[in-house]
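For reference, the structure is listed below as structure tokens.
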Amino acid sequence: MTESKVDGELTGVNVGPVTEWLEAEVPGAVAPFEFRLIAGGHSNLNYAVTGADGRHMVLRRPPLGHVLATAHDMSREHRIISALADTLVPVAPALGYCDDPAVNGEPFYVMGFVEGHVLRDHDTAVATLSHDARRAAGFSIVDVLASIHAVDPVAVGLGELGRTTGYIERQMKRWYRQWQSSKTRELATVDRVYERLMARVPEQVGVSIVHGDYRLDNCIVGDDGAIRAVLDWEICTLGDPLADVGLLMVYWTGPDDVAGGLSAPATSAAGFPNRADLLARYGAVSGRDLREIDFYVAFAYWKLACIVEGVHARYLGGAMGGAPDSSMFDAFKLQVERAAEAAAEHAGRLR
């Protein structure tokens, strides 16, 4: 066997054992392989894998070092994208899953490479998509979200993915535990919002697959603006579909919207729809009642604060595969504090 190689410094992939596994378990995979870390994420790690025949794949594994007990479940992610393969939800093809830690230290899975763009910032969106394609991307992301929520979990084999009732209460308790285990300092706003929201949880209407981190930069977008694949299913479960809608409102800042949870987001470029446009589209496509959306936006900001604090803690611990950049410390810290304040503002509007 010709030896596989890496592009630059690489951690997180045991090249020899992984090469042998790919040859044995992924149909049509041809060694040697070239491995390259794909930059951009702050949670699970993604590696571009190119075979000797030019075929492209992606290997996904948990972060290095400290791993939260209830996150980074590779078998769960692989199961979800496998189940959604024959639905209207666009996902990357699931190619194989490895649960043997002797191969790479942690379980991992391999998926097909989907051509397209990941739009992380304003300038990339302007350089990549036309004005019309940006508008199309806004409506496509809503239509795909409605498609996710329309999937019958039982029919696709995901009926046991999670409990179907009490979603918000369970999510809040879960993320509050994560906050308490990951926090790098005290932040009373997070505690106050937790108490206020727990006392005002709306009645859950229906149950669906909930992505849990649905936003434009967790999707691959085609040149025409169509969503070609939804990525990052690591915290997907069953529950209240409006939680995804609330989170999308936090991550989405249209050209005329007040700033949301992301700095200089791609969606602020001219052409993208505003939040109100997305809500109107989702209501029309899904038929769901959105009168309680303010609660879900408050919950989403609070959850974002908890998630980013976990990323901050892992980053400080060197879990992201490289030496920590001190300039990132304050950026994560500030993002947590701003999300907590936004959650408090929206929670204060609730009766």
Side-chain angles (χ1 to χ4, degrees), residues 42-43 66 68-71 166-202 204 210-215 217-218 234-235 237 239-240 242-253 257-265 267-268 275 279 290-317 319-320 324 326-351:
H42 294 299
S43 184
H66 175 63
L68 296 174
T70 57
Y167 172 79
I168 293 294
E169 294 92 337
R170 287 185 286 107
Q171 281 283 296
M172 293 202 64
K173 290 176 182 177
R174 172 195 173 181
W175 287 107
Y176 197 49
R177 288 195 300 270
Q178 302 267 24
W179 166 263
Q180 292 172 320
S181 67
S182 299
K183 63 183 178 181
T184 60
R185 75 255 188 238
E186 296 298 326
L187 191 59
T189 307
V190 172
D191 305 308
R192 290 197 301 269
V193 173
Y194 173 78
E195 297 295 337
R196 184 167 182 82
L197 293 182
M198 283 294 284
R200 292 165 174 80
V201 178
Q204 180 175 317
V210 177
H211 182 276
D213 195 20
Y214 193 74
R215 59 192 190 186
D217 61 336
N218 276 342
E234 62 185 281
I235 55 177
T237 187
D240 190 331
L242 295 188
D244 272 342
V245 181
L247 190 61
L248 182 59
M249 295 299 99
V250 167
Y251 285 137
W252 191 280
T253 300
D257 287 330
V258 174
L262 298 177
S263 176
T267 58
S268 63
R275 293 187 191 114
L279 283 177
L290 298 176
R291 284 178 293 182
E292 298 283 359
I293 195 62
D294 283 339
F295 173 91
Y296 294 96
V297 173
F299 165 63
Y301 270 118
W302 178 85
K303 176 181 170 182
L304 177 62
C306 297
I307 291 173
V308 176
E309 184 71 0
V311 174
H312 183 206
R314 294 196 300 277
Y315 197 89
L316 287 172
M320 304 320 297
S326 60
S327 67
M328 295 296 292
F329 298 164
D330 288 341
F332 284 133
K333 183 173 180 289
L334 184 60
Q335 188 180 7
V336 171
E337 292 167 0
R338 286 177 173 171
E341 290 300 326
E345 178 184 349
H346 284 270
R349 303 175 187 174
L350 304 177
R351 297 179 180 179

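Given the structure is predicted, the values throughout are model-derived calculations rather than measurements. Start at 1 with the first residue, then count along the sequence.
Here OG1 of T184 is found 7.5 Å from NZ of K333. Values are rounded to the nearest 0.5 Å.
No hydrogens or angles considered: a donor-acceptor pair under 3.5 Å links the side chains of Y251 and D213.
Judged by distance alone, with hydrogens and angles left aside, the side-chain atoms of S182 form no donor-acceptor pair with the main-chain N or O of W179 at under 3.5 Å. Remark: side-chain polar atoms of R196 are paired, donor with acceptor, to backbone N or O of A347 under 3.5 angstrom. Formation of a donor-acceptor pair under 3.5 Å by the R275 side chain with backbone atoms of D257 is not found in this model. Remark: the backbone N or O of G260 is paired with a side-chain donor or acceptor of T253 at under 3.5 angstrom.
Around atom CZ of R338, no more than 12 heavy atoms belonging to other residues, nucleotides or ligands sit under 6.0 Å away. Within 6.0 Å of atom CZ in R291, 12 or fewer heavy atoms from other residues, nucleotides or ligands are found, so the atom counts as exposed in its surroundings.
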Full working for side-chain contact (heavy atoms from CB on, under 4.5 Å) between H346 and Y296: CA-CA 9 Å; H346 284 270; Y296 294 96; over 6 Å; no

side-chain contact (heavy atoms from CB on, under 4.5 Å) between M172 and Y176, worked out: CA-CA 6 Å; M172 293 202 64; Y176 197 49; over 6 Å; no

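In this view, R192 and T189 satisfy the side chain to side chain donor-acceptor pair (under 3.5 Å) rule, not counting sequence neighbours. Here Y214 pairs with H211 under the ring pair (Phe, Tyr, Trp, His ring centres under 6.0 Å) rule; sequence neighbours left out.
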Please list every donor-acceptor pair under 3.5 Å in which a side-chain atom of residues 298-308 meets a protein atom from a residue at least two apart or in another chain.
unit_1 : atom_1 : unit_2 : atom_2 : d
W302   : NE1    : V190   : O      : 3.0
K303   : NZ     : G212   : O      : 2.9

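A salt bridge links E337 and R185; the closest N-O separation between the charged side-chain nitrogens and carboxylate oxygens is under 4.0 Å.
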